[in-house]
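Just below is one structure, and these are the notes that go with it.
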Amino acid sequence: MLKPKHARVSEVTMTEMVLPNDTNTLNNLMGGRLLHWMDICAAISAQKHSNRIVVTASVDNVSFTEPIKLGNIVTMKAKVTRAFNSSMEVFIEVWAEDIPAGRRVSTNRAFYTFVAVDQNGRPIEVPELQPETDEDNELYASALRRRQLRLVLAGRMSPQEATELKALFEME
Ligand SMILES: CC(C)(COP(=O)(O)OP(=O)(O)OC[C@H]1O[C@@H](n2cnc3c(N)ncnc32)[C@H](O)[C@@H]1OP(=O)(O)O)[C@@H](O)C(=O)NCCC(=O)NCCS
């Protein structure tokens, strides 16, 4: 049995500047580039929790509500919300900052799932996550429903098995 870890152990902050090569023809950051940065930031977080090589298993709905402009500073914060057997859910938040204008806006949030693997790419056990703060506890509890939803959508779990997810729809 591996020693449980707190979410703060896996906290990662990553900062990037949007350069011309990162943008589309409107001078906004391309969605694919942002997803790439988010994947790296979230993967480092999962590595810190598991001390293992990790691979991305899935990314939950990322929406792009605010364009991020050329020259903006992009800050990403990631942490593990819950660990299962070999997989970990990572919550990542993104902000864009226009430093000269003194403006900072929240632009994206997403949940990534990483699987810890051995040298042969086979899934391997990870430590449990032990929540500490109110936010950790909320994310930890809701992670089970999100896991069930993504596994049902991926055809890896039957809807009947998704007990906590079903309970959401059965409330009066
Ligand atoms: C992720 C991967 C290791 C899973 O391997 P597998 O043979 O399906 O292994 P298992 O069925 O034992 O599942 C292992 C874990 O992955 C999780 N998993 C598999 N597919 C998943 C999905 N679509 N979404 C979320 N979790 C998933 C399982 O729930 C399980 O979690 P648990 O151990 O915590 O219960 C394998 O599919 C893989 O290597 N995928 C490619 C990863 C990659 O290259 N990513 C970069 C994309 S370019």
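Atoms within each ligand, like the ligands themselves, are counted from 1 in listed order.
- The neighbour count for Lys77 NZ, taken as heavy atoms of other residues, nucleotides or ligands under 6.0 Å away, does not exceed 12.
- The other residues sharing a hydrophobic cluster with Met17 are Leu19, Ile73, Ile99, where clustering joins ILVMFWY side chains under 4.5 Å apart.
- Contact residues for ligand 1 (protein heavy atom closer than 4.0 angstrom to any ligand atom): Val55, Thr56, Ala57, Ser58, Phe84, Asn85, Ser86, Ser87, Thr113, Val115, Pro123, Arg147, Arg150, Leu151, Ala154, Arg156.
- The hydrophobic cluster containing Leu151, built from Ile/Leu/Val/Met/Phe/Trp/Tyr side-chain heavy atoms closer than 4.5 Å, also comprises Val152, Met157.
- By the 4.5 Å heavy-atom criterion applied to side chains, Met14 and Ile40 are counted as neighbours.
- Residue Asp136 is tested with Arg82, Lys79, Arg8 for a side-chain hydrogen bond (donor to acceptor under 3.5 Å, both in side chains); the sole match is Lys79.
- For Phe111, the ring pair (Phe, Tyr, Trp, His ring centres under 6.0 Å) partners at least two apart in sequence or on another chain are Phe91.
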